[in-house]
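Position 1 is the first residue of the sequence; numbering continues from there.
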Amino acid sequence: MKAEKPYRGGASRAAVCALLLFVLGGIVLFGLFGCGKKTPEYKIDFSGEESWYEGAKKTYREGETVTLYYNLIATDTDYKFLLDGEPINFGYDDEHGFVITFVMPAHDVKLECETRNSMEYVPEIVPDILLFDYYSATTGTDGYDSHVEYTLSTYSRDQHRLSVYVKESPEEEETRTDYLVPAELSEKCYRAVYEYEMDKWADRDDLEPIDGAVVVLKYKNGEEYVRLSSEAAPYGGVAEMDSIGMMLTEYAAPDYLEEEGHE
């Protein structure tokens, strides 16, 4: 019988196979567990003022505590910081200036600094000036069976008064409910007026009466008031007026209900 030649690699064939299996197994385990899942990182939009924020980085991990120092501080100036449009709390450090701290959410964010000269004259808000009046009534054989009316008037610098008048039938008394709502509501309503070009209705020649219901919208324009009505509206005009009515309706909520005797 011919003798088998010995393996000349310096180790037995079984040992080499075992070593290869060990190396391959390590590679597989490293691929499964060695790298791990990397925490996503997101950016901060500093609104063009990144150089004024000490400690600012290009990206932050989700859940990471972000600490920034804003050192552009002037006297007679009020500061407010907004994160994605919402005010955030901030502190002050004698060495670094304003200290802004928040936890990085799972998305890119925008950081803004708003300033106002505290010595600037700010005129007082005259209360009870009507800004918007939306009226909607349904008709029956005996005239108007029911109606709802929303009036939005000035109240303070940050709030408007929204009054809701409801009459559900000719036999019932009209009710009134008042709400103190954010002043930004009037901005939304005016935005809709100009978006739908309601201010140009008077120049149009396609205005027609709409039967079945009466919708009237009145809004303050400078020192005068503009009155729009379903009695002479363009195609789709009633729906456009109703969109402002819906905005007012959304704020007629319990959270804004004005307390009795509130002055």
S.K.: Hey, are the side chains of Val216 and Leu228 touching, using non-hydrogen atoms and a 4.5 Å cut-off?
M.R.: no
S.K.: How far does CG of Asp84 sit from CD of Glu112, to the nearest 0.5 angstrom?
M.R.: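 The CG atom of Asp84 sits 8.5 Å away from the CD atom of Glu112.
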S.K.: Would you say the side chains of Ser146 and Thr138 form a donor-acceptor pair under 3.5 Å?
M.R.: yes
S.K.: Side-chain donor-acceptor pair under 3.5 Å between Glu168 and His147, yes or no?
M.R.: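 Looking only at side-chain atoms, His147 and Glu168 do not form any donor-acceptor pair under 3.5 Å.
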S.K.: Any donor-acceptor pair under 3.5 Å linking the side-chain atoms of Ser163 with those of Asp178?
M.R.: yes
S.K.: Are there more than 12 heavy atoms of other residues, nucleotides or ligands under 6.0 Å from atom NZ of Lys57?
M.R.: yes
S.K.: Within the structure provided, determine whether Glu49 and Tyr70 are in side-chain contact (heavy-atom separation under 4.5 Å).
M.R.: yes
S.K.: Quick one: closest heavy-atom pair of Met104 and Arg61, and the distance?
M.R.: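 Closest approach of Met104 to Arg61, heavy atoms only: CB-O, 3.4 Å.
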S.K.: Before you tell me yes or no, could you show the steps for Leu152 and Tyr150 under side-chain contact (heavy atoms from CB on, under 4.5 Å), namely the whole-Å CA-CA distance, both residues' side-chain angles and the distance that decides it to 0.1 Å?
M.R.: CA-CA 7 Å; Leu152 184 65; Tyr150 295 85; over 6 Å; no
S.K.: Does Ser156 reach the main-chain N or O of Gln159 with its side chain, forming a donor-acceptor pair under 3.5 Å?
M.R.: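 Flag set: sc Ser156 to bb Gln159 pair under 3.5 Å.
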S.K.: Under the criterion side-chain contact (heavy atoms from CB on, under 4.5 Å), I'd like the reasoning laid out for Val66 against Thr101: C-alpha separation, chi angles, the key distance, then a yes or no.
M.R.: CA-CA 5 Å; Val66 179; Thr101 304; over 6 Å; no
S.K.: Which class fits the ring pair Tyr53 and Phe81: parallel under 30°, tilted 30 to 60°, perpendicular over 60°?
M.R.: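 Rings of Tyr53 and Phe81: perpendicular, over 60°.
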S.K.: Measure across Ser47 and Lys110 and return the closest heavy-atom pair with its distance rounded to 0.1 Å.
M.R.: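 Residues Ser47 and Lys110, closest heavy atoms: OG-CE, 3.4 Å.
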S.K.: So which atom in His96 and which in Glu54 form the shortest heavy-atom distance, rounded to 0.1 Å?
M.R.: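 Where His96 meets Glu54 most closely, the heavy atoms are CD2-OE2, 3.3 Å.
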S.K.: Check whether any side-chain heavy atom of Tyr219 lies under 4.5 Å from a side-chain heavy atom of Val193, and answer yes or no.
M.R.: yes
S.K.: When hydrophobic residues are tied together by side-chain contacts of less than 4.5 Å, even through go-betweens, does Tyr60 share a cluster with Val99?
M.R.: no
S.K.: Does Tyr196 use its side chain to pair, donor to acceptor, with the backbone of Ser243 at less than 3.5 Å?
M.R.: no
S.K.: Is any side-chain heavy atom of Asp45 closer than 4.5 Å to a side-chain heavy atom of Asp108?
M.R.: no
S.K.: With rounding to the nearest 0.5 Å, note down the distance linking CG in Leu217 to CG in Leu248.
M.R.: 8.5 Å
S.K.: Is it true that Val214 and Leu207 fall in one hydrophobic cluster, defined by side-chain heavy atoms closer than 4.5 Å?
M.R.: no
S.K.: So does Glu172 have more than 12 non-hydrogen atoms from other groups sitting under 6.0 Å from CD?
M.R.: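 Yes, CD of Glu172 has more than 12 neighbouring heavy atoms, counting only those of other groups under 6.0 Å.
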S.K.: Hey, quick one: are Val215 and Tyr165 part of the same hydrophobic cluster, counting side-chain heavy atoms closer than 4.5 Å, chains of contacts allowed?
M.R.: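 No, because Val215 and Tyr165 fall into different hydrophobic clusters, even though each may have its own neighbours under 4.5 Å.
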S.K.: Would you call Glu114 and Lys80 a salt bridge, using N to O less than 4.0 angstrom?
M.R.: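 Salt bridge present between Glu114 and Lys80.
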S.K.: What's the shortest heavy-atom distance between Val164 and Ala252, and which atoms?
M.R.: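 Nearest pair, atom of Val164 first, then Ala252: CG2-CB, 4.1 Å.
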S.K.: Take atom CG in Asn89; do more than 12 heavy atoms of anything else shown fall under 6.0 Å from it?
M.R.: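 No, because the 6.0 Å sphere around CG of Asn89 holds 12 heavy atoms or fewer from other groups.
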S.K.: Go through it in stages, so that I can follow the logic: the residues are Asp133 and Glu149, the test is side-chain contact (heavy atoms from CB on, under 4.5 Å), and I'd like the CA-CA distance, side-chain angles, deciding distance and then a yes or no.
M.R.: CA-CA 7 Å; Asp133 186 340; Glu149 182 177 9; 2.9 Å; yes
S.K.: If I take atom OH from residue Tyr235 and atom CD from residue Glu240, how far apart are they, to the nearest 0.5 angstrom?
M.R.: 11.0 Å
S.K.: Taking OH in Tyr194 as the centre, count heavy atoms belonging to other residues, nucleotides or ligands within less than 6.0 Å. Is the count above 12?
M.R.: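 Enclosed: over 12 neighbouring heavy atoms sit under 6.0 Å from OH of Tyr194.
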S.K.: Does the distance from a Lys or Arg side-chain N to an Asp or Glu carboxylate O, for Glu258 and Arg161, drop under 4.0 Å?
M.R.: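 Salt bridge flag = yes for Arg161 with Glu258.
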S.K.: Rounded to the nearest 0.5 Å, what separates atom SG in Cys189 from atom NZ in Lys220?
M.R.: 15.5 Å
S.K.: With ring centroids as reference points, do Phe132 and Tyr190 lie under 6.0 angstrom apart?
M.R.: yes
S.K.: Within a strict 4.5 Å, meaning less than it, do heavy atoms of the Glu250 and Leu185 side chains meet?
M.R.: no
S.K.: Can you tell me how far the OH atom of Tyr155 sits from the NE2 atom of His160, to the nearest 0.5 Å?
M.R.: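 Answer rounded to 0.5 Å: 13.0 Å.
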S.K.: State, yes or no, whether a side-chain contact exists between Asp199 and Val226 at a heavy-atom distance under 4.5 Å.
M.R.: no
S.K.: With distance as the sole test, does Lys200 use its side chain to make a donor-acceptor pair with the main-chain N or O of Ala202 at under 3.5 Å?
M.R.: no
S.K.: Would a 4.5 Å heavy-atom cut-off, applied to side chains only, mark Leu130 and Thr151 as touching?
M.R.: yes
S.K.: If every non-hydrogen atom of Thr154 is compared with every non-hydrogen atom of Pro127, which pair is closest and at what distance?
M.R.: OG1-C, 3.3 Å
S.K.: Test of understanding: clusters of I, L, V, M, F, W, Y form through side-chain heavy atoms closer than 4.5 Å, transitively. Do Leu68 and Leu82 belong to the same one?
M.R.: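 Each belongs to a different hydrophobic cluster.
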S.K.: Using the ring pair (Phe, Tyr, Trp, His ring centres under 6.0 Å) definition, which of the options Tyr69, Phe98, Phe102 pairs with Phe90?
M.R.: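 Of the listed residues Tyr69, Phe98, Phe102, the ring pair (Phe, Tyr, Trp, His ring centres under 6.0 Å) partner of Phe90 is Phe98.
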S.K.: Would you say that Pro105 contacts Glu62 through its side chain, given a criterion of any heavy-atom pair below 4.5 Å between the two side chains?
M.R.: no
S.K.: What's the separation between atom CD1 in Ile44 and atom CG in Leu83, rounded to the nearest 0.5 Å?
M.R.: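 It is 7.5 Å, given to the nearest 0.5 Å.
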S.K.: Which pair of heavy atoms, one from Tyr134 and one from Met241, lies closest together, and at what distance?
M.R.: CE1-O, 3.5 Å
